[in-house]
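What follows is a short report on a single structure.
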Protein chains: 2
Amino acid sequence: MTTHRLYLSVALNSTGSAARSWAAPGTRWNRFADWNHYLRSAQLAHEGVFDIVFVSDHPALQRDNTSRPIHSFDPTVLFSAVAATVPDIGFLLTASTSYNSPYNLARRLATLDHISGGRVIWNVVSSFNPDIAANFGAAPLPERAERYRRAEEFLQVVKDLWLSWDTPAGPAPQGALWDETTARRIDHHGEFFDVAGPLNVPIGPQGHPVIAQAGASDAGIDLAARHADIVYASLLHKQSAFDYQARLRERALAHGRDPGDIRLLPGLTVILGATREEAYRKHEALHGRRGEDGLIADFLRRNWAVDLDARIDPDVPLDPALFAYTEDQKRPVGFVKSFAELAAAEPVTPRQLVRRVEGGHRLAVGTPREVADTILDWWSSGAVAGFNIHIPVLPDGIAEFNEKVIPLLQEAGAFPTAYDGSTIRERLKLPDPRSR
Amino acid sequence: MTTHRLYLSVALNSTGSAARSWAAPGTRWNRFADWNHYLRSAQLAHEGVFDIVFVSDHPALQRDNTSRPIHSFDPTVLFSAVAATVPDIGFLLTASTSYNSPYNLARRLATLDHISGGRVIWNVVSSFNPDIAANFGAAPLPERAERYRRAEEFLQVVKDLWLSWDTPAGPAPQGALWDETTARRIDHHGEFFDVAGPLNVPIGPQGHPVIAQAGASDAGIDLAARHADIVYASLLHKQSAFDYQARLRERALAHGRDPGDIRLLPGLTVILGATREEAYRKHEALHGRRGEDGLIADFLRRNWAVDLDARIDPDVPLDPALFAYTEDQKRPVGFVKSFAELAAAEPVTPRQLVRRVEGGHRLAVGTPREVADTILDWWSSGAVAGFNIHIPVLPDGIAEFNEKVIPLLQEAGAFPTAYDGSTIRERLKLPDPRSR
């Protein structure tokens with residue numbers, strides 16, 4: 001089902017999606033710790049009429065000290081400063097249901113939704129990483145099933161809190177500012193949480209923040225089907241997108257939702273060149289490599305901890321056994337599952353794979369025309385509502401995308417030239433939660 | 001000991017310090033939920049060259065529905081938006097050690113310290129209110145001693161995290177962005193918390209946020225003496241301020257600190273009139289009252305739940321037994337202790353008391369000259385470093401204070417006419433924590 005227009009978000013993580021983007025020529029290496037860097041990136045995204053800026057999250061310093069620190073500033077605090085300064089654009093931020101309390105997180109997101117005038121989207125994740133767990137006490141990591149039960153309960157509590165206090169927009173009430181009909185206790189008592197409510201922040205401009213989810217496991221898809229307005233899956237093949245959508249629609253119907261209310265926005269890393277060869281050389285340079293073999297060696301080592309040696313022919317399709325996963329593995333399912341789906345759809349050699357996947361997301365490397373065409377192809381065929389664009393080097397890569405790709409999408413009539421809708425919910429044409 | 005100049009902060013809670021400020025003539029009643037109201041208030045505070053804007057906090061909707069909801073927006077998210085827009089001024093925000101995790105709070109405050117360019121002050125509180133507890137699970141409220149042990153450990157973990165990751169300001173490092181000497185694990189294992197670290201936010205512009213504390217109990221004063229740079233006690237009598245300072249100095253010395261590094265900024269509610277009589281009538285009107293007897297009746301009912309009737313003569317000094325408290329009572333000690341100290345210093349009738357105390361803080365009600373003189377008297381005698389000003393009706397009350405009182409303080413040479421210091425730590429002349 002094709003949405004009336006293409007939607008685009010852009011990731012503002014750190015210095016860019018390329019691990020070595022901190023050292024890119026002409027950039028300040030430590031700009032990840034300078035909020036003006038994020039402000040500048042968001043301003044460029046606004047110039048490009050992007051619908052959304054996005055940050056993922058990881059509340060721990062990562063182990064790889066040669067890569068940019070992909071997460072540093074707290075997303076709610078960072079985006080609040082940006083929201084005060086940059087109009088129109090939506091703010092998709094990640095926060096975990098594992099190491100927050102529902103009341104505090106509901107309050108922070110509601111505060112940001114007020115400040116931004118209804119532009120907040122919460123990307124709901126649960127945490128499985130032992131480095132994160134070590135910053136929040138010695139409790140053992142729960143199994144996936146428990147994490148998702150907690151996420152489900154957390155999300156329900158947060159949504160109930162968000163709709164718990166109505167303040168009328170009209171003239172001052174007589175005597176009391178609220179009573180039990182306008183500020184309702186939620187009196188939640190569940191497996192993980194006991195929360196009385198009401199929230200001390202009134203209902204915001206868009207009812208409550210929009211919900212995003214990226215789960216790829218069965219439990220993740222079920223959570224998305226119940227709650228998500230936006231889904232950020234990793235999808236490497238168009239057929240995978242159709243298959244994923246079909247599963248999501250089926251589950252959404254089973255939960256009594258209209259599947260047309262869910263927007264699928266998979267990740268897409270974009271590397272541009274005047275010619276495809278130039279884009280390929282740029283791709284290699286981003287990895288600090290000359291030539292394709294270096295990319296292949298990096299890819300194999302990073303994803304499967306195997307060296308490119310005599311046993312692996314870069315021009316022979318990869319053994320599908322490399323893509324084994326189980327629904328209950330301790331690592332996230334999404335990225336390996338998307339590899340498996342790609343390999344099932346067509347034989348793929350290491351040489352092909354490195355030009356089609358980057359940082360776990362689908363890669364479009366080529367000319368602006370080629371990149372625009374693949375975006376338009378997926379969108380116009382109804383595979384997706386749009387993409388979450390990953391830019392290798394921030395902030396300048398956004399300016400390049402604005403200049404070279406956005407006009408092609410606008411000429412095709414797929415992408416707007418100005419902002420519409422007063423909230424991100426209106427822009428995404430999502431139902432108002434107050435009417436449910 | 002007199003500081004080289006007077007310091008002033010101003011509270012930006014809700015629609016003002018007066019309970020009925022939401023309904024004040026010429027104001028929008030629901031501006032407490034409009035972030036532009038806080039922005040406007042902060043801009044006015046900046047015009048007045050106030051050193052600091054302050055918010056207290058209470059993560060629950062209060063019970064009294066006729067009073068403005070004194071706390072709504074999350075302080076870190078609110079002040080981040082303000083910091084992006086208003087330069088120079090410091091941001092003192094309250095966050096509890098009872099219902100946060102040290103890693104998350106350290107990260108949010110460090111993020112805000114980067115965004116604001118080193119202007120953050122954390123007011124450390126612990127929570128004892130059952131309405132708050134009900135929003136964070138059914139666990140029983142801990143005793144004061146346990147709350148303070150937790151606060152002490154929480155604060156130590158947060159300070160260690162804040163200094164855990166050095167990023168050099170110079171040219172890009174070779175190869176790795178950090179190692180175990182620049183990003184240090186803290187490996188804290190204590191009674192309440194296990195936190196590995198390092199924090200994933202580098203050390204900020206002022207080393208780390210300044211610490212404020214308002215504890216009045218023995219445990220509170222001890223925490224302040226160990227950690228606080230700013231102390232916000234409730235002090236109703238100048239002699240109490242000297243006595244408090246003496247106790248604080250003694251404890252600070254015992255903990256190996258220089259007592260001259262602690263700034264005492266008690267609360268001061270200000271109500272201005274062209275004459276004292278006009279200010280008195282304004283005071284009564286803020287309570288929705290005509291005449292002093294209404295104020296007295298309100299005061300007795302609010303503070304001791306007793307009615308003004310034949311048994312209480314408003315012109316006879318109050319029975320000191322009304323001010324009884326114990327160090328281990330379940331309610332905060334500060335406000336009742338400050339009453340007790342006032343009554344011990346001089347006999348005080350109900351009629352006198354209502355003109356000297358407002359919302360638990362010292363009240364200055366009178367002409368601009370009278371208000372400026374009492375501020376200058378306390379400061380120049382060395383009783384305090386300055387005051388945290390409570391304005392009955394926001395935002396206009398700040399403009400009035402700017403116009404009428406600030407020039408008198410400037411003419412006296414006590415208060416600056418422009419901002420100095422690039423961080424709030426520099427402005428307060430506090431030591432850099434990196435040098436400890």
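Because only heavy atoms are used, hydrogens play no part in the values below, and waters and symmetry mates are left out as well, while side chains stay in. Below, chain A is the first sequence line, B the second, and so on; all start at residue 1.
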Using non-hydrogen atoms only, which part of A176(A) is less than 4.5 Å away from chain B: side chain, backbone, both, or neither?
both
What do the steps show when you test V195(A) against F136(B) for side chain to side chain contact (heavy atoms under 4.5 Å, CB included), and what is the final call?
CA-CA 6 Å; V195(A) 182; F136(B) 295 90; over 6 Å; no
Tell me which of these, A60(A), S101(A), P202(A), has more heavy-atom pairs under 4.5 Å with chain B than the rest.
A60(A)
Quick one, W29(A) and P171(B) - any side-chain contact, counting heavy atoms below 4.5 Å?
no
Turns out that what part of D131(B) lies under 4.5 Å from chain A's heavy atoms comes down to neither
Write out, in numerical order, the residues from residues 66-77 of chain A with a heavy atom short of 4.5 Å from a heavy atom in chain B.
T66(A), S67(A), R68(A), P69(A), H71(A), S72(A), F73(A), D74(A), P75(A), T76(A), V77(A)
Could you give the distance from NE2 (H114(B)) to CG (L78(A)), rounded to the nearest 0.5 Å?
11.5 Å
Can you tell me which portion of A83(B) sits under 4.5 Å from chain A's heavy atoms? Options are side chain, backbone, both or neither.
neither
Atom pair CG (N104(B)) and OH (Y99(A)), whose distance is rounded to the nearest 0.5 Å
11.0 Å
Just checking heavy atoms, which of residues 33-42 of chain B are less than 4.5 Å from chain A?
A33(B), W35(B)
Could you give the distance from CD1 (I115(B)) to OG (S80(A)), rounded to the nearest 0.5 Å?
8.0 Å
For chain B, the option from W165(A), W22(A), F193(A) that forms the most heavy-atom pairs under 4.5 Å
W22(A)
Is a side-chain donor or acceptor of N135(A) paired with a backbone partner of Y103(B) at a separation under 3.5 angstrom?
no
Does any backbone or side-chain atom of F32(B) lie under 4.5 Å from a heavy atom of chain A? Answer side chain, backbone, both or neither.
side chain
Donor-acceptor check, side chain of N200(B) to backbone of P59(A), threshold 3.5 angstrom: yes or no?
no
